[in-house]
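Note that this is a predicted model, so its numbers are computed, not measured. In this chain, numbering begins with 1 at the start of the sequence shown.
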Amino acid sequence: GQIQTNTGVITGRTVTIYADEGAELTNSTSVLQLENSDMTIYDATITCPNTNTRGISSSDTTTSTRLTLDNVLIRGCRFGLSLGTGTLMMRHSTVTGSAAANILSNNGTAALAIEDSLISDAGTGIDVAGGSLSLVRSRIINNSQTGVLVDGGAGISATARILNNFFSRNGNNSDGFGAIFLRDVSVGSRVDFNSFASNIASSANVGAGINCIGSLVARNNILWGNVPQQVAGTCTHAFSNIGPIGPLGGTNMNMDPMFVDAVNGDLHLALGSPLLGKADPTTDLSDLAARDIDGEQRSSPTDIGADEVP
């Protein structure tokens, strides 16, 4: 059934919601607003009544708010998640259909960890200014302006760890920034083992796959068939497959990756792909890099891109 949350404001509480299949939370403003609270939600659907409202928001100025989502669907909002500070742990969840951004964190200190999730059909999929983003084994699909934006400029510090994800059909040809836009992310950031296809940027100066300003070295990624170009900016790329037209030299390749169905966003590699076993042999395969987009264990020599073919 449907639960009307009335004011939806939760202050200074620890709350856990175990929802039955099909249970839905809704409200006329923010469905849930957290202040200095610890909330865990399992198996719920959060529906905004229109695209001027927020799904779950947190605007407190402390770092004490913690939000954990497991198998949660958030849909039809202006911002699906709008987080000031604190921490987010999101697993096996979907945020979709937000008019502005599916996930927004612009206060400079929030720590976001997203695993095995779908971020789709928004203006911007994930918009982070400062703080940290860990994005692992997820699908970022069909966001009309940008898939993921992480900004560490203007005196704020941002760390991005983006590994083992599919990026498909993000951006547009009028004001889009494609799949990923990174600016001045901190030491310790990683953009490794991702697959990009059919993303679009509005300018020939913008990389529709990875647009990155700074000194990051992105490794072991597939960037294929993004328009008008695959990468741009001052970051560098190693042991990556970039094409059909892309920067070559060094350890980068330019070969058809043999995606299973790039047009429809299936960026798994077919048997016989020339990218099998071609990733950087010195890459750290522990922690976030240990398993591919399907949760399968990587072993050296591992495959380039998000999919490790068994």
* Pair Asn220-Asp280, side-chain donor/acceptor within less than 3.5 Å -> no
* Structure fact -> Residue pairs passing the salt bridge (Lys or Arg N to Asp or Glu O under 4.0 Å) test with at least one member in residues 299-310, sequence neighbours excluded, are Arg298-Glu308
* Asked: So do the side chains of Ile41 and Ile46 get within less than 4.5 Å of each other, counting heavy atoms only?
  -> yes
* Between the side chain of Asn221 and the main-chain N/O of Gly305, is any donor-acceptor distance below 3.5 Å? -> no
* Classify the side-chain pair Glu24/Thr45 by whether it contains a donor and acceptor separated by less than 3.5 Å. => no
* Say whether Leu81 and Leu104 are linked into one hydrophobic cluster, either directly or through other cluster members, by side-chain heavy-atom distances under 4.5 angstrom. => no
* Check whether any side-chain heavy atom of Ser138 lies under 4.5 Å from a side-chain heavy atom of Leu118, and answer yes or no. => no
* Tell me the salt bridge (Lys or Arg N to Asp or Glu O under 4.0 Å) pairs involving residues 112-123, sequence neighbours left out? -> Glu115-Arg137, Asp116-Arg137
* Asked: With hydrophobic residues grouped by side-chain heavy-atom distances under 4.5 Å, do Leu216 and Ile180 end up in a single group?
  -> yes
* **From CH2 (Trp224) to CD1 (Ile242), nearest 0.5 Å** => 10.5 Å
* Could you tell me whether the side chain of Ser98 and the main chain of Phe79 form a donor-acceptor pair under 3.5 Å? => no
* Asked: Side chains of Thr85 and Thr109: is there a donor and an acceptor less than 3.5 Å apart?
  -> no
* **Ion pair Arg219/Asp192, N-O distance below 4.0 Å** => no
* Rounded to the nearest 0.5 Å, what's the gap from CG on Asn211 to CD on Gln229? Could you check? => 8.0 Å
* To do: Kindly compute the distance separating CD1 (Ile114) from CG (Leu112), expressed to the nearest 0.5 Å.
  => 5.5 Å
* To do: Say whether Leu67 and Val31 are linked into one hydrophobic cluster, either directly or through other cluster members, by side-chain heavy-atom distances under 4.5 angstrom.
  => yes
* Single-linkage hydrophobic cluster, 4.5 Å side-chain cutoff, Phe166 and Leu276 together -> yes
* Parallel, tilted or perpendicular: which describes the rings of Tyr18 and Tyr42, with under 30° parallel and over 60° perpendicular? -> parallel
* Distance-only polar pair, side chains of Asp261 and His268, donor-acceptor under 3.5 Å -> no
* Asked: Are the side chain of Thr40 and the backbone of Thr68 linked by a donor-acceptor contact shorter than 3.5 Å?
  -> no
* Asked: Is it the case that Thr96 and Ser120 place a side-chain donor and acceptor less than 3.5 Å from each other?
  -> yes
* Would you indicate whether the side-chain heavy atoms of Phe259 and Ser195 approach each other to under 4.5 Å? => yes
* salt bridge (Lys or Arg N to Asp or Glu O under 4.0 Å): pairs with one or both residues in residues 157-182, sequence neighbours excluded -> none
* Do Asn194 and Asn165 have a side chain donor and acceptor closer than 3.5 Å? -> yes
* To do: Answer yes or no: is there a side-chain heavy-atom contact under 4.5 Å between Phe181 and Val150?
  => no
